[in-house]
Amino acid sequence: MRHLKKLILISLVAYPVFSLFLSCSEEEDCSMNARPMTKCYLYTQSGSTILNDTLDSLTITALGTDSIIINNQKKVHDLSLPLRYTVDSTALILHYSKTLSDTVIIYQTNVPYFLSMNCGYQMKQTINKVSYSTHKLDSISIKNAEAGINEKENLKLFY
């Protein structure tokens, strides 16, 4: 009987402490699942040879807004560009100088998916096609259609 009382007393004390310990798990790190970006690299083509390219200066703005994506970045050889998730296209203006610019429109599919209770929903974005002006830009090709956080090249920009 004495052992039974001791066991009950230990259980009454240990159960709440043990329950509290188990319920205090680490919070999920939602920053690890950051917004997907479109990774672009710059190239030039000389005959059949493709070479890495660098722009002296570049500013990128979102068409129809006052949003500046990149502000007068120097020695540009790669870009990480966000895609809009509320509509199925993203229009960007690449400003090379005050008088020279190209417009790039990326058409994408946006598919929301549930990540977790703590992080909520994220967006899976797939590039379907790209249209662009050719004032300085020569062409764009899609290398990997799935925008992500993994730094894989999505678009090749040829100058």
For [Y], does its backbone N or O pair with a side-chain atom of [X] as donor and acceptor, under 3.5 Å?
X      : Y      : result
Asn72  : Thr59  : no
Gln122 : Pro36  : no
Ser97  : Leu100 : yes
His135 : Ser101 : yes
Gln45  : Gly47  : yes
Asn110 : Gln125 : no
Arg35  : Ile149 : no
Ser116 : Cys119 : yes

Taking a hydrophobic cluster as the set of Ile, Leu, Val, Met, Phe, Trp and Tyr residues connected by side-chain heavy atoms closer than 4.5 Å, whether directly or through intermediates, do [X] and [Y] fall within one such cluster?
X      : Y      : result
Ile127 : Ile105 : no
Leu92  : Tyr107 : no
Leu157 : Leu55  : yes
Leu79  : Ile140 : yes
Ile93  : Leu83  : no

(message) Ignoring hydrogens, what is the shortest heavy-atom contact between Asp53 and Tyr43? Give both atom names and the distance.
(response) CB-C, 3.5 Å
(request) Can you see which heavy atom on Ile142 is nearest to which on Asn128, and at what distance? (result) CD1-O, 4.0 Å
Side chains of [X] and [Y]: does their closest heavy-atom pair fall under 4.5 Å?
X      : Y      : answer
Glu146 : Lys152 : no
Asn52  : Thr54  : no
Thr38  : Pro82  : no
Tyr85  : Pro112 : no
Ile70  : Leu94  : no
Leu42  : Phe158 : no
Val104 : Ile60  : no
Gln108 : Thr126 : no

(request) To the nearest 0.5 angstrom, please state how far the OG1 atom of Thr86 sits from the CE atom of Met123. (result) 8.5 Å
(request) Would you give the length of the straight line joining atom CD1 of Ile50 to atom OH of Tyr41, rounded to the nearest 0.5 angstrom? (result) 15.5 Å
(message) With side chain to side chain contact (heavy atoms under 4.5 Å, CB included) as the criterion, how do Leu81 and Cys40 come out once you've worked through the C-alpha distance, each side chain's angles and the decisive distance to 0.1 Å?
(response) CA-CA 8 Å; Leu81 302 173; Cys40 310; 3.9 Å; yes
(message) Regarding Lys74 and Asp56, does a basic nitrogen lie under 4.0 Å from an acidic carboxylate oxygen?
(response) no
(message) Test question: given the 4.5 Å side-chain rule for I, L, V, M, F, W and Y, name all other residues clustered with Leu51, or answer none.
(response) none
(request) Please check if the distance between the ring centroids of Tyr96 and Tyr159 is under 6.0 Å. (result) yes
(message) If we check side-chain contact (heavy atoms from CB on, under 4.5 Å) with His95, which of these qualifies: Asp102, Thr61, Ile68?
(response) Thr61
(message) Quick check on Tyr121: does its OH atom have over 12 non-hydrogen neighbours (other residues, nucleotides or ligands) under 6.0 Å away?
(response) no
(request) Please name the residue in the list Asp78, Asn144, Asn154 that meets the side chain to side chain donor-acceptor pair (under 3.5 Å) test with Lys39. (result) Asp78
